2 protein chains.
Amino acid sequence: MTSYDVAHRAGVSQSGVSRVFKPGASASAAMRARVLAAADELGYRPNAIARSLTTGRSNMVGVIISDLTNLYYPEVLSELSARFSGRGKRVLLFTLAREAGVDSILGDVVGYQLDGIVSAARLSAGQVSDFLDRGCPVVLYNRSFDDVPASSICCDHVHGARLLATRMAEAGHHRFGFVSGPTDSFVSQERTRGFLGRLAEMGVAEPAVVAGDYGYASGHAAARELAREAGPALDAIVCANDMMALGAVDAVRGSLGRRVPGDISIAGFDGIDPARWDSYRLTTVRQPVRRMTQAAVEMLLDHMADPSRPPERRMIPGELAVRATVRGLDGAPAAELGAADAA
Amino acid sequence: MTSYDVAHRAGVSQSGVSRVFKPGASASAAMRARVLAAADELGYRPNAIARSLTTGRSNMVGVIISDLTNLYYPEVLSELSARFSGRGKRVLLFTLAREAGVDSILGDVVGYQLDGIVSAARLSAGQVSDFLDRGCPVVLYNRSFDDVPASSICCDHVHGARLLATRMAEAGHHRFGFVSGPTDSFVSQERTRGFLGRLAEMGVAEPAVVAGDYGYASGHAAARELAREAGPALDAIVCANDMMALGAVDAVRGSLGRRVPGDISIAGFDGIDPARWDSYRLTTVRQPVRRMTQAAVEMLLDHMADPSRPPERRMIPGELAVRATVRGLDGAPAAELGAADAA
DNA sequence: TTGAAAGCGCTACCAG
DNA sequence: CTGGTAGCGCTTTCAA
């Protein structure tokens, strides 16, 4: 079923059919009606591939996600997908299991004429530049490069980390352990910097730091290692993301046989769904995923509409969600729900 | 950068360039070398859109997922994505938030010449037929229709449910509650049928049944409702998926103040990652996601290679993973890890 | 408003 | 093995 078939059946020219299917094109009501009728009878659907070939735009955007096992990303992906499809864009999904294959994505970007990319993976500055050089706008989700003119939407990790540090120091914790993410993770670097920096400002003893990989198991292991390193004085563990914090909670309660937050307070980052589950009620810094994905989509769409638009780096504050894994300011377990939790 | 540019630079014909980039086409080593060199210098990438237009195949497959908040699906999606990209296929992602929009996907299927579809969403028989009628092979993930000639890969929900029923009845539970999924869910129907059927066979009193929506919160609510309905005799709750079972565990331990499995045993279905976390150690029937996704991909690729191939319905047994939320056969809490858990 | 015609970049079929 | 040539189905000038 091509536009020629429809044109023939409707007794109009092929270009007429094309125009009828192009929103905002000139076609008389009469023609429109006949074409639509014919198209309907024939079950005609415009061929998006052919359209892309002529127009140079595919109506597809690439979404690059590094790791769907970190439960923060399914939430992001889900939102992005819904928003893009609401805007008439298809989502081509790229999951970067092993950091490899970025250049193959580059090939696809030009090959499939992707209209844009939102990346929530750990791309290098050079890789991002490659996309840009190919004329493909990029919005970086939760990372950004000073020297690369790509737009980005970031949660303010430093600020969030400082919030957390402040709150925990004020609650009187003395001996901290910190579980960072992979060392090449921008997010981890920011959160680490913010947390340790603020702690230092407040005159708290420097925490023991171990690195994890953002997974539950690594948080579990890290908590045990911290306990070993820091000894019984350890009274607070902060993890660079919720997944690890959940693992840490379980390790402390289980393997270590200590209470949370009675003996050791624990906090994370992200505000993933499982962190709210009753078994955890994890204190965390929540990223406003909805606002962030919305911003990401808007920014990308804007750049697609006007490629000359200068890159924009938007930063959104995270919200401290004080729940049940951190002692209260009076030394007692914190209130069940922080005010921020209502959102 | 088009193949003409490369051809010109390499001093060969455009068709030559095309052949060099088509795997398994005839081109002398000399030509290949010169073309590749020229292409490299020019940063040429074949235009997949144009290729799709002529060949009629896009090298894209659609993956339809209903709900990424059910943590079973991110696992599936992650696997599918990795496997498809390993096979040189791009994944066009469709998330079906509200069951609507299936027909828009249909449009995309024909518009983007999708080579195939794997659907893990609740499509109707008619919708699946529509895809098939358009010449787009479909593999149904965890559902199938008797009267629609689509291939499918299913976990044997009935069998798995029977395993669970047997094990729990043998452990001496008397008063069961069952939390089903949405009534229009094939998976839920199968699991419900298997579970209730086996219980009846074993002469166990008919369980109280309430319906959930596969989410944590609904499992939480359902457990409380079951406790209200069934009274203090209630000693086992089985949920149609892990997410709800996790909610149920928390409800029983928290709101109801009973022990799991001391007072009430709880089990789920799927074998999602969080079900293994120390706070839960949920007894469940694990779906072999890796084998299932592998089968799904293979089947779809086979159909794409040979469209005349008859549909195939493959069924893979689930594995009972006895963990810590169900009483042991001696009435004591079950062994920490079932043998199946080693996998 | 409408129709004719020229491509978009590639594949595939042909003859050489 | 190689080069010419005819499209794939659509959008988009350009005249009418």
Side-chain angles (χ1 to χ4, degrees), chain A residues 1-36 38-39 42-60 88 90 107-115 134-135, chain B residues 1-36 38-39 42-60 88 90 107-115 134-135:
Chain A
M1 282 306 108
T2 76
S3 55
Y4 280 95
D5 299 316
V6 177
H8 184 253
R9 199 179 206 315
V12 304
S13 74
Q14 183 272 337
S15 9
V17 177
S18 174
R19 265 183 242 111
V20 168
F21 279 91
K22 180 190 166 78
S26 57
S28 66
M31 173 181 253
R32 165 158 286 121
R34 297 174 56 189
V35 166
L36 256 20
L42 264 34
Y44 167 78
R45 308 272 193 165
N47 183 323
I49 297 283
R51 169 182 295 155
S52 304
L53 186 58
T54 44
T55 60
R57 2 192 52 250
S58 61
N59 269 314
M60 295 193 286
R90 320 284 163 277
D108 291 342
V109 164
V110 345
Y112 284 93
Q113 315 264 64
L114 295 194
D115 294 344
R134 301 290 190 166
Chain B
M1 284 304 109
T2 75
S3 54
Y4 280 95
D5 300 316
V6 177
H8 185 254
R9 199 180 208 313
V12 302
S13 74
Q14 182 273 334
S15 6
V17 177
S18 175
R19 264 183 245 111
V20 168
F21 279 93
K22 180 191 168 74
S26 57
S28 66
M31 174 180 254
R32 165 158 287 121
R34 296 175 57 190
V35 167
L36 256 20
L42 264 34
Y44 166 77
R45 306 274 194 164
N47 183 323
I49 298 282
R51 169 184 294 155
S52 303
L53 186 58
T54 44
T55 59
R57 2 192 52 250
S58 61
N59 269 316
M60 295 193 287
R90 321 283 164 277
D108 291 342
V109 165
V110 345
Y112 285 92
Q113 315 263 65
L114 295 194
D115 295 344
R134 300 291 190 164

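Chain letters run A, B, ... following the sequence lines, proteins first, then strands; residues in each count from 1. The structure displayed is predicted, hence computed values, not measured ones.
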Participant: State, to 0.1 Å, how close A:R90 and B:Y112 come at their nearest heavy-atom pair, and which atoms those are.
Facilitator: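 Heavy atoms only, the tightest pair is NE-CE1, 3.5 Å.
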Participant: Side chains of B:T2 and B:N47: does their closest heavy-atom pair fall under 4.5 Å?
Facilitator: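 In short, these two side chains do not touch, never coming nearer than 4.5 Å.
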Participant: So, for A:A39 and A:V6, which heavy atoms are closest and what is the spacing to 0.1 Å?
Facilitator: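 Where A:A39 meets A:V6 most closely, the heavy atoms are N-CG1, 3.9 Å.
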Participant: Starting from the first five and the last five pairs of the helix from C:dT1-D:dA16 to C:dG16-D:dC1, work out the angle between the resulting helix axes, to 10 degrees.
Facilitator: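 End axes: 30° apart.
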Participant: Minimum heavy-atom separation for B:L53 to A:A50, with atom names?
Facilitator: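 Smallest interatomic distance, heavy atoms only, reads CD1-CB, 3.7 Å.
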Participant: Of all heavy-atom pairs between A:R34 and A:A10, which one has the smallest distance, and what is that distance?
Facilitator: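 Scanning both residues completely, I find the closest heavy atoms to be NH2-O, 2.6 Å.
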Participant: Write out all pairs satisfying salt bridge (charged side-chain N to carboxylate O under 4.0 Å, His left out) with one or both partners inside residues 43-55 of chain B, taking only residues at least two apart or from two chains.
Facilitator: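 Salt bridge (charged side-chain N to carboxylate O under 4.0 Å, His left out) check on residues 43-55 of chain B returns no pairs.
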Participant: For A:V17 and A:V12, work out which heavy atoms get closest and say how close.
Facilitator: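 So the two residues come closest at CG2-CG2, 4.0 Å.
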Participant: Are any non-hydrogen side-chain atoms of A:Y44 and A:L36 less than 4.5 angstrom apart?
Facilitator: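 Not touching, per the 4.5 Å side-chain cut-off.
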Participant: Taking heavy atoms of chain B and a 4.0 Å limit, find me the 5'-most and 3'-most nucleotide of DNA chain C within that range.
Facilitator: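 Listing 5' to 3', DNA chain C meets chain B from C:dG9 to C:dA12.
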Participant: Could you list the residues that satisfy side chain to side chain contact (heavy atoms under 4.5 Å, CB included) with B:D115, not counting sequence neighbours?
Facilitator: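 Per chain and number, B:D115 pairs via side chain to side chain contact (heavy atoms under 4.5 Å, CB included) with B:R57, B:S58, B:N59, B:K89, B:M304.
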Participant: Does the protein touch nucleotides 5-16 of chain D at the base, only the backbone, or not at all? Give it as B, S and - per nucleotide, heavy atoms under 4.0 Å.
Facilitator: --BBBBBB----
Participant: For residues 8-19 of chain A, pull every pair meeting salt bridge (charged side-chain N to carboxylate O under 4.0 Å, His left out), keeping only residues two or more places apart or in separate chains.
Facilitator: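 The answer is A:R9-A:E41.
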